[in-house]
Trainee: 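One structure coming up, written as structure tokens, with questions to follow.
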Amino acid sequence: SVSVLNESTCAVHSIAFAPEYIHLALAAASSDGRVRFYSPTDVIGLTNWTASGSIEFIPGGASDSDGPLCLSWCKSRFSTKSMIVIGGSKRNKVKVYQRDNVQQWDEIYQLDSYDAFVLDIDWAPSMGRSYHLIATACSDGHIRIYKFWPEPTHLSAELTDSLFIREGDEFDNEELGSAPHVEADNGGYSDESDVDDDEDGEDASDEGSSDSDSDDDSDGSTSESGDDARPDRPGRAKGSGKKSKAKDDGSAGKAWVPRSELVGDLIVDPQVPIRRVRWNSTGTLLVSSSDDGVARMWKMSVNGTWREIAAITAEKSSAEA
Amino acid sequence: MQNRHTGTDRFVVSRDKEAVTHLSPGLFPAGRQSEWSAQNRTLIFSIHPLNNKTALAVGGKKTRESLGNDTLTFDQDQRVHICGISTESDSRLAFINDTHAVFVALQQLMEEADVDDSTASAVGIKGLVKMSVLYREAMQRQSRVLADIGDPNEFIKEEAETFQAMHAVWHLLEIIYLTTNTPGLSTSIVPHFMEWLNANFPAPLAEDAHRIAGGSPTADDLARNELLWPYLKKLALRGHVSVLGNMLERLAPSQLLSASAARWARSLSQLCRKMPLSSSEETAGSFNSRWRQWNEELRGHATAIGSLLGGAGEKDESAGGDKDKALETLFAISEVMRGDLDAIAAEGEIWQDIMGATLLYSEPTAQADRLPALVGAIIEQFEESAFTELDRALVALLNHDLAEFLVHCDHIDHWLSAHISDLMDHISVLDICRRVFVVDPREHYLMALGESYLGHEDLWRVGLDYLGLCRTVAGALVMEEYVTRIPLDSDRKAEQVLRVCEVYKLDCARDRIHRQLGRQKWQRGRLGAAIAHFAQVCDHDSIGLICDQIWNAYISSGELTYGPTIDGVMASSSLSEGSGSLLHHERLQFLSKYRDFHELYAAGDFVEAGKVLLSILLCEIAPAYALGDLLVDSIPLLEGDTLVFSSEDTFELMRVAESLAQAHMKQSQQDGAIDRSEMNIFNVACTRNLARSFVMF
């Protein structure tokens, strides 16, 4: 062996190298509730690795009996900051963290929380889609697929794909790229969204926007003066501003809040835990394997639903002796 | 949790899940899943980056340490299975390649049409029709090939059905959206629809026609033939009016017919010949009045025959059934041909029959926009659960419900959905679907098709083209991801991959591939080729390292064998642009000049050799480690009989030696160090040469 890293006191269930666009780093999720990051001091010999930061996923620590932790790096070249999604252990939450500087990771979003163990998680390569796809595997037999927008998308004609709205959707095209106007003092909803429902985000944003509207009206001036802490996002979507309130970009300066949407909830058998989910290299195929010895392949159809296209079982066929 | 898919759930057609594939040999006995799982076993896998094959193996759930030492392991635990979704069968290869060529041509055509706006629409429609016909011809060719296979198995039969279905669907789309929009042709859809109907769902079948009318039967033979009556009705239903007229004419003289039947047969035959056919020269008004006239005559016939039948009911019970049959048939024919919807519905076997006859006989000048109304009424009479995917696709198309149409096309075949959505995009009818679906259907289907071809050893190029010609950001990125993973088995394949990168301007991928190839060839000792690859990506460091390796090989072997390599590199670089920097690479120039020096020396041309050696030193292209050797090389020239170096030249040599010595004093490195003894010889030689040169000059 080249090097042994043994800071963790509990079982290490999930490790992953950072994507090649970032410098060489290794993330290791251990059942003590921490995710530790390591980088080599010598990139050629790789004999010496040092801990370079960690995430305390479970404040107060956890133990092996609380369940495994799993993680997955965001593999997109186009994200401004590295991101990683971690799930599992006590309370079975799935959260997205973003790296602010070399050692510091901040939680920016809670994707979901479950009643069952999160056994595996995978972040799809983004391949030019305007959103990210994250899949989670749970011991309740569900595979859940989320769309995730960490940053406002730039709605130039070339970059939009998959923003075509289905009938009955409440947003129109332009809305998707604009920030819901929220008084976002926290970077995300980590404290508020302890429920599954992703619409909490929208409700809160509605409340927030009415606050900000009244603020603006009373101020009568652009709100940029007080907003040094929140970066003014450049390149806003054309026509951004809530469609119900005709604002122009003068009220820019409100921080963008990440949002997500559950787009697929695939149930195989509620009694059979799904152990592993992985996306293929372009994020178009999802493969899952479960305790019943069956590996299933799932694809998204043109109307957005996920369907099983193949299943391979390790069970001997009845024809076999 | 809100169900966000309510708008499009109606497209989810419930299909039987395909049978589960079993690993062979399996890992645990049938029905014993929970036992297997309870023994700390589960299935783990890994996905191949290119062709979505999956490697499956047994994995554990708890850590090894937490289990006792007495856990059993089985042979199956050590096995890794590799599985994949099957790619296209070889029988389709020719078809795929042909239609790929049409696809590429179509994209080019539409690009050119875009540029030149003035003739865009005219060129566009005609060009699209031409391309559409080419596609159909390819499908027909494949159908013929499949039909020619003697003793077809299940798969071949399914393929044959698929291709027939694809052709029918494509043809109908062409008729509705292209043919009727072609400027200069009449816009009525009816003649085209009948053509489509009879081409794709032929009736009556050729063998029936042969059985009945083959062998020139007499009128009596015909009349005796039980099969004649349904055959005649079918002819009427499908609009084969002239054949019908002929048959009636031949039938009429039969003795077996009653007098009235014979008379009406002749009369109907006359009417058949008088059926008005629309042509583009005739005005709508004139055609309509002719039609009305003809229809009136038919109505008269029908009424007359009908009254005959009604009246003769009791009388002819004793007489043979033939007379009734003949009159009944003639009655049915005339009812159908005058456009009576009930009669048509009674005679039609498939819904397409009824649709065709309704159009032909009751609305002969109908335009495409009449289709939804008509098809709705007709479909109600049929059991929709018995419809095949083809039926559903056709009905959706006739209803102008293009989103549903596309979904059913995808169920028929992935090739179809990809190409037809592309055609629809060029016709500009796909935008409606874009508003309904979550993703762009053209991109979605083309990418799915392209990805499915990538793993195939003969179709990877075709797959990459489909990805590239999506012309979306996602398509380009997916393509770039995959193109770097195509295995570079041979030089030729590598060249093809690089050409793909050039065509689609995938610079990042191109660089990666060149580096990969450079390293590959370096390891295999093909140094010239390696240098060429690194030159393409302007990797000077790697080229430098290779040159150092070449020099070290020369030093250790004492023989200068790298000449051809350098020549090859210089020659190829002068041909290709972009590696012009190659020519300026110091080390290569150095090696090249040094080789020239060697050759001149070997040829005995010492003066020229000296000049070359000096120029190497003066231009300072020599690497530090070679300076010593160069100076040693100069010794024989200094000592030789002929005067090679002038005094200035000698001073230059001495200067180089001096700076070399100083450099060694400063650093501890021994780069290019020369032996003391050699240094002494050199110094002496220089001095002597100086002396000589002063004397000479």
Side-chain angles (χ1 to χ4, degrees), chain A residues 11 64 125-129 158-162 164-169 196-199 261-263 265 271-273 275-276 278-285 287-295 297 299-305 307-320, chain B residues 1-2 4-8 11-12 17-18 20-33 36-37 42-47 49-50 52 54 56 58-59 61 63 83 85 406-407 410 434-441 443-445 447-448 451 472-474 476-478 481-482 485:
Chain A
D64 274 327
S126 43
M127 292 295 133
R129 285 187 287 262
E158 299 87 63
L159 279 180
T160 46
D161 70 323
S162 315
F164 303 102
I165 303 301
R166 294 150 284 173
E167 292 166 19
D169 219 317
D196 270 5
D197 210 330
D198 55 296
E199 291 182 316
E261 184 188 318
L262 177 69
V263 293
D265 189 349
Q271 310 298 328
V272 175
R275 289 282 162 186
R276 196 177 166 104
R278 283 288 181 272
W279 295 97
N280 70 343
S281 53
T282 53
T284 49
L285 183 78
V287 184
S288 71
S289 71
S290 44
D291 273 358
D292 55 0
V294 184
M297 301 187 190
K299 254 196 154 152
M300 189 178 83
S301 65
V302 72
N303 56 11
T305 52
R307 279 216 242 126
E308 181 185 315
I309 57 165
I312 308 170
T313 176
E315 191 177 7
K316 292 188 185 170
S317 65
S318 34
E320 207 176 325
Chain B
M1 185 192 56
Q2 185 189 51
R4 281 176 160 267
H5 307 286
T6 43
T8 51
F11 296 144
V12 176
K17 229 179 354 185
E18 270 128 55
V20 174
T21 320
H22 288 261
L23 284 182
S24 154
L27 299 178
F28 55 84
R32 311 265 281 270
Q33 289 164 349
W36 180 75
S37 166
T42 185
L43 198 62
I44 57 173
F45 64 88
S46 186
I47 310 178
L50 182 66
N52 293 335
T54 316
L56 298 166
V58 176
K61 292 179 276 199
T63 54
C83 320
I85 305 176
L406 268 182
V407 173
D410 195 43
R434 289 199 167 105
R435 276 182 240 130
V436 174
F437 290 132
V438 171
V439 291
D440 176 14
E443 179 200 68
H444 178 92
Y445 290 129
M447 274 183 34
E451 278 187 272
T472 57
V473 172
L477 286 172
V478 167
E481 172 75 27
Y482 278 131
R485 298 191 192 276

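Note: hydrogens, waters and symmetry copies are ignored here, and every other heavy atom, side chains too, is used. Proteins come first, then strands; the chains are lettered A, B, ... in the order of their sequence lines, and each starts at number 1. Computed from a predicted model, the values in this text were never measured in an experiment.
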Trainee: Let me see the working for A:T282 and B:M447 under side-chain contact (heavy atoms from CB on, under 4.5 Å), right down to the final yes or no.
Mentor: CA-CA 11 Å; A:T282 53; B:M447 274 183 34; over 6 Å; no
Trainee: Which atoms of A:M297 come close to chain B, meaning under 4.5 Å heavy atom to heavy atom: side chain ones, backbone ones, both, or neither?
Mentor: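 Contact with chain B involves the side chain of A:M297 alone.
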Trainee: Might you point out which heavy atoms bring A:S281 and B:R485 nearest each other, and give the distance in Å?
Mentor: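 So the two residues come closest at CB-NE, 4.3 Å.
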Trainee: Please tell me if the side chains of A:V302 and B:D410 come closer than 4.5 Å, counting only heavy atoms from C-beta onward.
Mentor: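 No, every pair of side-chain atoms sits at 4.5 Å or beyond.
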Trainee: Could you tell me whether the side chain of B:Q33 reaches within less than 4.5 Å of the side chain of A:V272, counting heavy atoms only?
Mentor: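 A side-chain contact is absent here, since even the closest heavy-atom pair is not under 4.5 Å.
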Trainee: Less than 4.5 Å to any heavy atom of chain B: does that hold for the side chain of A:R275, its backbone, both, or neither?
Mentor: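 Contact with chain B involves the side chain of A:R275 alone.
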Trainee: Please flag which part of A:S126 lies under 4.5 Å from any non-hydrogen atom of chain B: side chain, backbone, both or neither.
Mentor: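 Neither the backbone nor the side chain of A:S126 comes within 4.5 Å of chain B.
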Trainee: Find the distance between OG1 (B:T472) and CE (A:M127) and round it off to the nearest 0.5 Å.
Mentor: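 These two atoms lie 12.5 Å from each other.
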Trainee: Counting only non-hydrogen atoms closer than 4.5 Å, does A:T284 touch chain B with its backbone (N, CA, C, O), its side chain (CB onward), both, or neither?
Mentor: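 The side chain, not the backbone.
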Trainee: Could you grab the distance from atom NE2 of B:H22 to atom NZ of A:K316, nearest 0.5 Å is fine?
Mentor: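 If I round to the nearest 0.5 Å, the distance is 12.5 Å.
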Trainee: So B:E451 and A:L285, side-chain contact (heavy atoms from CB on, under 4.5 Å) or not? Walk me through it.
Mentor: CA-CA 11 Å; B:E451 278 187 272; A:L285 183 78; over 6 Å; no
Trainee: Determine the minimum heavy-atom distance between A:N303 and B:V438, stating which atoms define it.
Mentor: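 Closest heavy-atom pair between A:N303 and B:V438: O-CG2, 3.5 Å.
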Trainee: Which atom names give the shortest non-hydrogen contact between B:C83 and A:I312, and what distance separates them?
Mentor: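 Looking at all heavy atoms of both residues, the closest pair is CB-CD1, 3.5 Å.
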Trainee: Measuring heavy-atom distances to chain A, does B:L43 have an atom under 4.5 Å in its side chain, in its backbone, in both, or in neither?
Mentor: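 Both parts, heavy atoms under 4.5 Å.
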Trainee: Distance to the ring centre below 6.0 angstrom and angle to the axis at most 45 degrees; does that hold for A:R276 and B:F45?
Mentor: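 Pair A:R276/B:F45 counts as cation-pi.
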Trainee: How many angstroms lie between CG in A:D292 and CH2 in B:W36, if you round to the nearest 0.5 Å?
Mentor: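 Going from the CG atom of A:D292 to the CH2 atom of B:W36 covers 8.5 Å.
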